[in-house]
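Order of the sequence lines fixes the chain letters, A, B, ..., with proteins taken first and strands second; residue numbering starts at 1 for each chain.
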There are 2 protein chains.
Amino acid sequence: MVMGWHNWGVRILVVDDEQRLARSIGRGLEAEGFDVDVVHDGLDGLWRAREGSYAAIVLDIMLPGMNGYEVCRTLRAEDNWTPILLLTAKDGEYDEAEGFELGADDYLRKPFSHVVLTARLRALARRSSGAPALVLRVGELALDPGTRRCTRGDSVVELTPREHAVLESLMRRAPDVVPKQDLLDEVWGIDFEGDPNIVEVYVGYLRRKIDKPFAVNAVRTVRGVGYQVVES
Amino acid sequence: MVMGWHNWGVRILVVDDEQRLARSIGRGLEAEGFDVDVVHDGLDGLWRAREGSYAAIVLDIMLPGMNGYEVCRTLRAEDNWTPILLLTAKDGEYDEAEGFELGADDYLRKPFSHVVLTARLRALARRSSGAPALVLRVGELALDPGTRRCTRGDSVVELTPREHAVLESLMRRAPDVVPKQDLLDEVWGIDFEGDPNIVEVYVGYLRRKIDKPFAVNAVRTVRGVGYQVVES
DNA sequence: TCGACAGCTGAGAGAGCTCTCAGGTGTCCT
DNA sequence: AGGACACCTGAGAGCTCTCTCAGCTGTCGA
């Protein structure tokens, strides 16, 4: 499925005091093969970061103890250049521009999709570790999350960003069945409030593009659970 | 203007037999600070590539001598993993999916915008050299081509992809004046056939976002020539 | 001062993407 | 067999982005 790639031994620090979100991020990154440490307090985060062996840090702005800006500024002042991905609230209570000046490498506005977070984080972690890009493969299906390119056999399949995110979620876990709720969480974010039917709609779009033109179906429905991508 | 960044000594090989296009690519990459070698024949390209000191290779599919696929496949078979960016014609005479399987790291469909090419190429070259990402700065304006984020002073400015490309072209050459035709070539591609007035339209959009809300203008018109970004 | 031309901008068409909704289809259990 | 429920899908609304066009404004030179 995943070729020439491993994240084992790559450590990520997550600093976020929203328990549910932090757990969700942690679980997702562990599923990616990262070693994840989660702390809920700014000062804890700073101490951990100083230990120094993280490939990247996911840092919320709003934190008890010491806020994300200060953690970021302090680390940079100490000449610690571990890549930092800042999480900012959309209400703009804190100033997004500031993070830019403080030495954050990337930032993400809440609420964000899990797929986007891991994509950005992989890019950051790769930058510091120099590991090669990866291509997801399941049978004759191939998906390159970096260049956002998808092929089935000899055909190139054009995907919209949403379609790509859904397929990526499915392929990362193949051949496992991915529950519908997980897709919703990972692609639309844990606080999506629309019609969950959107998952079915997007699976439908995907099938039109990667199944309809071919003899064998790659996307299977597992009734009452979710979907899976199978070898074809 | 550009901080903590240099591409000097980073060599790029361009293999393309369309003279005009190859020259345009070469000029653009040299303006970026890359050392560029251009050859127009597949076999030449292969020999050059074997010399081995390139950070990345831009490789057209359609070539006299030996086509791009074969060059790519041969290099990989020889265990040469220099990052390759394939250029494919949009008419699909050659199969895009094939490049994927042959070990190309990225590919771009013609006609492409110069800004997109250099962005992808920088990503590839950085991957192999491990250099840090860069942020363009002119006065209080900052633009991160990697994360596509723009700020002026303390404000975050949301840009569409086209707007970003225009601003990036301007900022990369700041404080020089960028001729209107250069913007057209770099952002819309050398074979854009629409109304050149599009440049004025997009500069207008940019000004609405990065000048109107502020006291001092960052984008200046140089009548009869083009535009420039100045310190503000 | 006035004409010519460069540049500016508002209006709007067209395309693509996302999401909602409602009605249809299929499956499973009793 | 029939009902309940999961899933599928076509239609279409709303939005953003891109680009065209036409008319306006400002500038420069004669």
Side-chain angles (χ1 to χ4, degrees), chain A residues 109 111-113 115-116 148 150 157-170 177-189 191-212 217-228, chain B residues 109 111-113 115-116 148 150 157-170 177-189 191-213 217-229:
Chain A
R109 189 181 304 172
F112 51 81
S113 124
V115 171
V116 172
R148 256 202 48 204
C150 174
V157 181
E158 306 280 357
L159 299 177
T160 70
R162 267 284 193 271
E163 288 162 2
H164 177 96
V166 173
L167 184 56
E168 186 181 332
S169 282
L170 289 171
V177 177
V178 182
K180 215 182 281 186
Q181 185 61 47
D182 286 17
L183 286 172
L184 210 50
D185 290 350
E186 289 175 18
V187 176
W188 281 269
D191 35 16
F192 174 76
E193 302 200 326
D195 189 337
N197 162 270
I198 191 68
V199 175
E200 289 155 31
V201 174
Y202 269 86
V203 168
Y205 293 158
L206 270 181
R207 294 215 245 236
R208 254 173 250 183
K209 293 185 175 179
I210 67 178
D211 275 346
K212 288 278 158 66
N217 288 350
V219 180
R220 280 190 37 199
T221 303
V222 179
R223 208 184 152 79
V225 186
Y227 301 91
Q228 75 183 141
Chain B
R109 189 180 302 173
F112 51 82
S113 125
V115 172
V116 172
R148 257 200 51 206
C150 174
V157 181
E158 308 279 358
L159 299 177
T160 71
R162 267 284 190 273
E163 289 162 359
H164 178 95
V166 173
L167 185 56
E168 185 181 335
S169 281
L170 290 171
V177 177
V178 182
K180 217 182 280 188
Q181 185 62 47
D182 286 16
L183 285 172
L184 210 51
D185 289 352
E186 290 174 17
V187 176
W188 281 269
D191 34 16
F192 173 78
E193 301 199 325
D195 188 336
N197 162 268
I198 191 69
V199 175
E200 290 155 30
V201 174
Y202 269 86
V203 168
Y205 293 159
L206 270 181
R207 294 215 246 234
R208 254 173 252 181
K209 292 184 175 179
I210 68 179
D211 274 346
K212 288 278 157 67
N217 287 350
V219 180
R220 280 191 36 198
T221 303
V222 179
R223 210 183 151 79
V225 187
Y227 300 91
Q228 76 183 141
V229 173

Undergrad: Taking the minimum atom-to-atom distance to the side chain of A:R162, which one of D:dC8, C:dG10, C:dT18 wins?
TA: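 In terms of side-chain proximity for A:R162, the closest of D:dC8, C:dG10, C:dT18 is C:dT18.
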Undergrad: Taking only N and O in the side chain of A:R223, is any of them less than 4.0 Å away from OP1 or OP2 of D:dC7?
TA: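 No.
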Undergrad: Can any side-chain N or O of A:S113 pair as donor or acceptor with the backbone N or O of A:W188 at less than 3.5 Å?
TA: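 No, because the side chain of A:S113 does not come within donor-acceptor range (under 3.5 Å) of the backbone of A:W188.
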Undergrad: Where the side chain of B:E200 is defined as all heavy atoms beyond and including C-beta, which of D:dT9, D:dT20, C:dC8 is the nearest nucleotide?
TA: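 Looking only at side-chain atoms, B:E200 lies closest to C:dC8.
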Undergrad: According to a strict under-4.0 Å criterion, is B:Y227 in side-chain N/O contact with OP1 or OP2 of C:dC8?
TA: yes
Undergrad: Identify whether any heavy atom of B:V203 sits under 4.0 Å from a base atom; if not, whether one sits that close to sugar-phosphate; answer base, sugar-phosphate or nothing.
TA: nothing
Undergrad: If I take atom OH in residue B:Y202 and atom C1' in nucleotide D:dC21, what distance separates them, rounded to the nearest angstrom?
TA: 15 Å
Undergrad: Please check if the side chain of B:E163 supplies one atom and the backbone of B:T160 the other of a donor-acceptor pair under 3.5 Å.
TA: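 Side chain of B:E163 to backbone of B:T160, a donor-acceptor pair under 3.5 Å: yes, one is there.
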Undergrad: Below 4.0 angstrom from OP1 or OP2 of C:dG16, is there any side-chain N or O of A:T160?
TA: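 For C:dG16, OP1/OP2 do not have a side-chain N/O of A:T160 under 4.0 Å.
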Undergrad: Taking for each residue the nucleotide of DNA chain C with the nearest heavy atom, is it A:G194 or B:V225 whose nucleotide lies nearer the 5' end?
TA: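 It is B:V225, whose closest nucleotide lies nearer the 5' terminus.
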Undergrad: Of all the nucleotides listed (D:dC19, D:dC7, D:dC21), which has the minimum atom distance to the side chain of B:N197?
TA: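 The listed nucleotide nearest to B:N197's side chain is D:dC21.
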Undergrad: I'd like to know if A:Y205 reaches the base of D:dC8 with its side chain such that a donor and an acceptor end up less than 3.5 angstrom apart.
TA: no
Undergrad: With a 4.0 Å cutoff (strictly under), does any side-chain N or O of B:W188 reach OP1 or OP2 of D:dC19?
TA: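 B:W188 to D:dC19 OP1/OP2: side-chain N or O found under 4.0 Å.
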Undergrad: Mark yes or no for whether A:R148, through its side chain, and A:L159, through its backbone, hold a donor-acceptor pair below 3.5 Å.
TA: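 The answer is yes, because a donor-acceptor pair under 3.5 Å joins these two groups.
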Undergrad: Working to the nearest 0.5 Å, report the span between CG of A:L183 and OH of A:Y202.
TA: 13.5 Å
Undergrad: Answer yes if the side chains of A:R207 and A:T221 hold a donor-acceptor pair under 3.5 Å, and no otherwise.
TA: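 A donor-acceptor contact under 3.5 Å links the two side chains.
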Undergrad: Between C1' on C:dA13 and CG on B:D195, what's the gap in Å once rounded to a whole number?
TA: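 That distance rounds to 15 Å.
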Undergrad: Less than 4.0 angstrom between a side-chain N/O of A:T221 and OP1 or OP2 of D:dC8, yes or no?
TA: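 It does, given that an N or O in the side chain of A:T221 lies less than 4.0 Å from OP1 or OP2 of D:dC8.
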Undergrad: Rounded to whole angstrom units, what separation is found between the NZ atom of B:K209 and the C1' atom of D:dT18?
TA: 12 Å
Undergrad: Nearest-Å distance, CG (A:D211) to P (D:dC7)?
TA: 17 Å
Undergrad: Using whole Å, what does the distance between atom P of nucleotide D:dC7 and atom CD of A:Q181 come to?
TA: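 Result: 13 Å.
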Undergrad: Quick one: B:I198 CD1 to C:dG7 P, roughly how many Å, whole number?
TA: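 For the pair B:I198 CD1 and C:dG7 P, the rounded distance is 15 Å.
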Undergrad: Between A:E193 and B:V201, name the one whose nearest nucleotide on DNA chain C is closer to the 5' end.
TA: B:V201
Undergrad: Can you measure B:L183 atom CG to D:dT18 atom P for me and round it to whole angstrom units?
TA: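 Whole-Å distance recorded here is 15 Å.
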Undergrad: Under 4.0 Å: is that the gap between some side-chain N or O of A:K180 and OP1 or OP2 of D:dC7?
TA: yes
Undergrad: Would you give the length of the straight line joining atom CD of B:E200 to atom CG of B:D195, rounded to the nearest 0.5 angstrom?
TA: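 It is 8.5 Å, given to the nearest 0.5 Å.
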Undergrad: Can you tell me the distance, in whole Å, between the CD atom of A:E163 and the C1' atom of C:dC19?
TA: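 From A:E163 CD to C:dC19 C1': 13 Å.
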